[in-house]
Amino acid sequence: MFLAEDEMTLNWVLALRVVAQTRVDELTEAVRIRLRQAILDEQWGEAVELWIMQTGTPIDVYASTEIASGYDTALNAAEIQFSPLFRDFGTSS
């Protein structure tokens, strides 16, 4: 379960905590490239949408009135490149 104050934050959380954790062998090269670029360009919603379409994994979203932030927003592009989605980044496929 993930909590966020708004849709943009939820997409950010899902992109970093779910999409970027996808193993590269679960995706085609074309999808890997598109997902990586969306994440590096901070296009969180695009990355999540593409991941849902590719994996067929549904995501349920429920409205909430007040929540507390529990995520480290300091996760940056340098760190995200060490996630499973980027394991073979920069090498030929």
Side-chain angles (χ1 to χ4, degrees):
M1 178 188 303
F2 298 98
L3 300 174
E5 292 181 10
D6 55 43
E7 184 179 345
M8 188 172 88
T9 304
L10 179 60
N11 282 328
W12 174 77
V13 169
L14 291 172
L16 299 181
R17 304 290 183 194
V18 177
V19 176
Q21 301 311 310
T22 305
R23 292 184 358 223
V24 294
D25 61 349
E26 296 176 11
L27 304 166
T28 66
E29 181 179 5
V31 171
R32 271 195 324 266
I33 290 168
R34 289 176 57 200
L35 281 173
R36 288 171 176 166
Q37 196 59 56
I39 289 173
L40 293 174
D41 291 343
E42 299 182 5
Q43 297 298 313
W44 315 123
E46 181 180 329
V48 172
E49 180 181 12
L50 177 59
W51 181 85
I52 290 170
M53 290 174 22
Q54 177 66 28
T55 66
T57 304
I59 295 179
D60 293 327
V61 177
Y62 303 96
S64 179
T65 55
E66 187 175 326
I67 61 171
S69 176
Y71 291 101
D72 179 6
T73 57
L75 187 63
N76 62 35
E79 292 174 285
I80 197 63
Q81 292 182 40
F82 292 101
S83 67
L85 179 63
F86 288 87
R87 283 259 157 80
D88 69 339
F89 194 58
T91 62
S92 60
S93 299

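For this chain, numbers begin at 1 and follow the sequence in order. Bear in mind the structure is a predicted one, so any value in this text is a computation, not a measurement.
- Tracing side-chain contacts under 4.5 Å through hydrophobic residues (I, L, V, M, F, W, Y), one reaches Trp12 starting from Leu10; they form part of the same cluster.
- Side-chain heavy atoms closer than 4.5 Å link hydrophobic residues (I, L, V, M, F, W, Y) into clusters, and following such links, even through other members, never connects Met8 to Val18.
- Thr22 pairs by the side chain to side chain contact (heavy atoms under 4.5 Å, CB included) definition with Glu26, Leu27, Trp51, not counting sequence neighbours.
- A search for side chain to side chain contact (heavy atoms under 4.5 Å, CB included) contacts involving Glu49 returns Met53, not counting sequence neighbours.
- The two atoms that bring Ala47 and Leu35 nearest to each other are O-CD2, 3.3 Å, heavy atoms only.
- Between Arg87 and Phe82, the shortest heavy-atom distance links the atoms NH2-O, 4.3 Å.
- One distance of note links CD of Gln54 with CZ of Arg32; it measures 10.5 Å at 0.5 Å rounding.
- In this structure, CZ in Arg36 is found 4.5 Å from CG in Asp88, a value given to the nearest 0.5 Å.
- No path of Ile, Leu, Val, Met, Phe, Trp and Tyr side chains, each step under 4.5 Å between heavy atoms, connects Ile33 with Phe86, placing them in separate hydrophobic clusters.
- Using a 4.5 Å cut-off between side-chain heavy atoms of Ile, Leu, Val, Met, Phe, Trp and Tyr, with links allowed through other members, Val24 and Val31 fall into different hydrophobic clusters.
- In this structure, the side chain of Gln21 engages the main chain of Leu16 through a donor-acceptor pair within 3.5 Å.
- For Val48, the side chain to side chain contact (heavy atoms under 4.5 Å, CB included) criterion is met by Asn11, Leu14, Ala15, Val19, Ile52, Ile59, not counting sequence neighbours.
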